[in-house]
Every structure is written in structure tokens, then in C-alpha cells.
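We count ligands from 1, going down the list as the structure has it; atoms in each ligand are counted the same way. Hydrogens, waters and symmetry mates play no part in the numbers below; they use all other heavy atoms, side chains included.
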Amino acid sequence: MSKIKTFYQCQTCGYASPKWLGKCPDCNAWNSFVEEKESPAGRRGALQPSMRSGPVSLHAIEGISEKRISTGLKEFDRALGGGVVAGSVILVGGDPGIGKSTLLLQAFSGLSQRTGKLLYVSGEESPQQIKMRADRLSVNSENIILFPETSLEGILDTAAKISPDAMVVDSIQTVFTQELMSAPGSVSQVRECAAKLMLYAKRSHVPVFIVGHVTKEGTIAGPRVLEHIVDTVLYFEGDRGHSYRVLRTIKNRFGSTNEIGIFEMSDAGLREVDNPSELFLSERPQNVSGSTVVACLEGTRPLMVEVQALVSQTNFGMPRRTSIGVDFNRVNLLIAVLEKMAGLHLGGMDIFINIVGGLKIIEPAVDLGIIATIASSARERPVDPLTCVFGEVGLSGEIRAVAQAEARLKEAAKIGFRRAVVPAGNAGKIRPIPGLEIAGIKDCQEFLETVLK
Ligand code: TYD
Ligand code: MG
């Protein structure tokens, strides 16, 4: 009897080694190696999609006009770059229970009005369970075909028979191919199954949605390994305590990234939020210190968000610094700038920063908002409720211009703000906006004088 060959594979990045290793030399993960049996076809035999052709001149290639089908959910279409492209593979990742299955079922409901048969493959729920959810969402279409299956070969056979116009595989972690011996959910299975689904999508021009659960480390299981295979990566994020859900585009071969779609989870499924700025500002306290509104930009979409700060005398030796929704190091940097450049004494103060609504803001335009709220709370001077800010702060206390100032200001005027305090570099270039007074400032000191009451 021939000996079964095994190797060890890192479950985080897919690095393979003939020996067990405690630490992955590629991604530095600890204790991530699992023994896997080598497949008869060779470790990576079936991976290469047959999209090859001989060398061709760019000029000679006939362009295809990409047709996009709407999912009926505007926010979902926006995240996809304007709708579903035929033959694309879309990965929808997110924490378990965040609403991925709900989102896709609702999208299928919209798609079913524009296309023929749709195949919903579920390895996690029985058709009855999905039916119960569909009833709750008032989704009912004879074009949606439910198929409980976890074997990839079975899925592809059925897809070939039905020839659907779109397919969902919920979730990739439950699917396995018989060619590999390893358990479903392992890196090699996830990668191999995704590659085969990709091949199917490209050959048959059927868009395939793949649901992927995010592991506790925060990346899609078979983490990174899926992201480069698929065409589009969407993350469905949200706070358990909040009903908002943000669909974020991480990668998109057919559109821009950094787009977001915003939903609200209700008892009848996901509801699209047309005007997120109003939603995030709806419960804003008026005329209290420690609250500032920043005109942020998510992708191409301006979004008004409230930044809150609480600055209080520390009771222990070490002051506490906490930030939710913004980068902790960025906050520390801004605190240092405030101390040095604006003369605030924050050394003995606890400082807590929070972005309201469970949002995460990564762009530097939020800097001015953070500075304003901290100073507002420390000096107990409120920021005028009809004033908004945006701008980046440099280490020497200078205020730097940011991109797309006009879009931000238009949104501010639309929501009803009367004044915007912005970098001088931006203010000089903007055409006047009716109803909005624009104050351009150059440094921190001047900024605080302008913005605090
Ligand atoms: P689900 O789509 O099953 O999550 P996932 O597929 O990402 O694991 O969503 C489950 C959660 O959504 C569950 O906690 C209940 C909630 N939910 C609602 O609040 N309203 C609804 O109408 C539906 C269908 C689900
Ligand atoms: Mg699910």
C-alpha cells in the first residue's frame, strides 16, 4: 500500500510546508498549521482557470459592453458599482448573523423580476428555514430555486441542469470538493471551491455570489486567499447593538472601491437608508460641549457624522484614552498637537472619543472634528449646532486641505447647516453655496477660536 502523502498548510495565508511549523514564515501567524492530505491531482492541479489564450494585440480584442442588472436594492447596486455584471464573482463577507443571507435573499427578490431562474444554494439552512425568512421579508417568487447542498460537484451539476441567471453559494465555508481530502472550511477547500465557482461563472456568464464568514481574526476564512480570486469583495459590517448595516466595497474589478451602501435592519428585513446623514444626526444633543459634526466622504458619497468626546479628570495615575470608530493612534497624535500647539493641558485627563452610530471613519478629514470635540469638552464650550467642520491636521498644527470639499459642503447645506469651518486651502477654491457661510482657517489655534462658542 502506498503511503498517503501529507503536508502542513497555514490556515491563515495558505503557505504549505512539508513539516509542522509553530509560526508561519509567510504571514507570521502562530499555531496556524494543519495537516492536510495531498490530493491525487497534485496540490494545486485544478486551480488554474482556463482563461488562457495566445498573445493578442490589445487593438484586436473586441470589447464587450458590460451589461449590469439591478438587484432592486439601490444601495447594493451602488456598492457593486451600478449593478451585477454577468459572469462576475462577488464575495459577500461579514460576521455571522450580520444579515448576509437576508441581503442576498432580498437582492434575489429584486433580480427575479428582471431575470429568469435564480439558484440559491445553502449549506447552512434547510429550505424550510429559508422559506420562513422569505415569508418574513415578503419574498415570494417561483424563479428562486432553493437547493440545500454542500458538495461542489453537486452544485455545479445542478447549475448546469437548471442554467440559472444568477447563483448564491451560502456559505463557502460549508462547501467542499471531493477532489480534496481536507475538511470543509480549510484553506485549500475554500480556495479550490472558489476557483471552481469562478471558472463556472466565467464560462457560463452567470454571476455568482459567494457568502463568506469572517473569522474571529477579522478576515474572511481562508482569509486573504479568497480576495484575490474573486472579482468583487464586499464586507457587510455593523454593530450588534445598532440596526445600521454598512455594505463596504473592498475590491471591485467592475467599479470603484470605497463605495458604501447603508441599510437598516428592521423586523421585515433590510431597509435601504436614502439619507444616512439625517439618520446619523437624528439624536444629536444641541448646545452641549463635546459634540461636533464632520462632513466625511465614504467613497463618492458625502456623509455627515457626529464625533463625540468626553474629557474628564483622571482618577488614577495613568490617564485613559479610548477611541471608538477612529484610529486610536491618530487620536493620540491629535491630542499631542492640541497640547503643544493650542496650549490645552490634557496630561491629567481621561479622553474618550466616539463616532455616533457605530460608524468607522478612516479618512483624515475627521481630524478637525476630533480636535474640535476634545477642545469643546475640555473647555466646556459647545460647538454651534449648525456648524460643521472637516480638514486634516498636520503635526505642526497647520490645517491641510482635503479632497472633494464641494461635495461635502453641498451635503452640509442640504442637511441644513449654516456654517462650515474648513481648511483655508479648500475655502479659497470653492464657489459660494447659498445659505452656507464658509470660514477658511490655517492653524489649530485660529480654528478653535472660530469654532467654539
Ligand atoms: P442572517 O441573514 O441570517 O445573517 P448571516 O447570514 O449573515 O449569518 O441574519 C440574521 C440576523 O438578522 C438575525 O440575528 C435576525 C436578524 N433579522 C432581523 O432583524 N429582521 C429580519 O427581517 C431578518 C430576516 C433577520
Ligand atoms: Mg446566513
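Here S101 reaches the Mg ion (ligand 2): one of its N/O/S atoms is less than 2.8 Å from the metal.
No donor-acceptor distance shorter than 3.5 angstrom exists from the side chain of Q308 to the backbone of S291, with no hydrogens or angles considered. K100 places a side-chain N or O within 3.5 Å of a backbone atom of D95 that can act as its donor or acceptor partner. In terms of modelled atom types and a separation under 3.5 Å, the side chain of K251 and the main chain of E227 share a donor-acceptor contact. Between the N426 side chain and the V402 main chain, a donor and an acceptor come within less than 3.5 Å of each other. No donor-acceptor distance shorter than 3.5 angstrom exists from the side chain of S163 to the backbone of A160, with no hydrogens or angles considered. Under the 3.5 Å distance criterion, the side-chain polar atoms of E149 are matched with a main-chain donor or acceptor of S151.
Between T292 and I371 the shortest side-chain heavy-atom distance does not fall below 4.5 Å. Side-chain atoms of V85 and R253, non-hydrogen and from C-beta on, never get closer than 4.5 Å to each other.
An N or O contact shorter than 3.5 Å is missing between M265 and ligand 1 by distance. Checked against a 3.5 angstrom limit, the closest N/O atoms of G97 and ligand 1 fall inside it. Backbone and side-chain nitrogen or oxygen atoms of G99 are examined, and one is located within less than 3.5 angstrom of a nitrogen or oxygen of ligand 1.
Looking only at heavy atoms of the protein, atom 6 (O) of ligand 1 is closest to S101 OG, 2.6 Å. In terms of protein heavy-atom proximity, atom 22 (O) of ligand 1 is closest to G269 N, 2.7 Å.
With a 4.0 Å heavy-atom cut-off, ligand 1 is reached by no atom of D170. With a 4.0 Å heavy-atom cut-off, ligand 1 is reached by the side chain of R133 but not by its N, CA, C or O.
Put simply, part of P96 is less than 4.0 Å from ligand 1, judged by heavy atoms.
Shown here, atom 15 (C) of ligand 1 is out of close reach of the protein: none of its heavy atoms lies under 4.0 Å off.
For ligand 1, the atoms sitting less than 4.0 Å from at least one non-hydrogen atom of A268 are 22 (O), numbered in the order shown with element in parentheses. Heavy-atom proximity to S266, at under 4.0 Å, picks out these atoms of ligand 1: 18 (C), 19 (O), 20 (N), 21 (C), 22 (O). If you number the atoms of ligand 1 from 1 as listed, the ones under 4.0 Å from a heavy atom of T102 come out as 1 (P), 2 (O), 9 (O), 24 (C).
Looking at H213, R271, R136 and measuring to atom 18 (C) of ligand 1, the nearest heavy atom belongs to R136.
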Begin from the C-alpha positions of S122 and D170 and carry the test side-chain hydrogen bond (donor to acceptor under 3.5 Å, both in side chains) through to its verdict.
CA-CA 5 Å; S122 180; D170 186 1; 4.8 Å; no
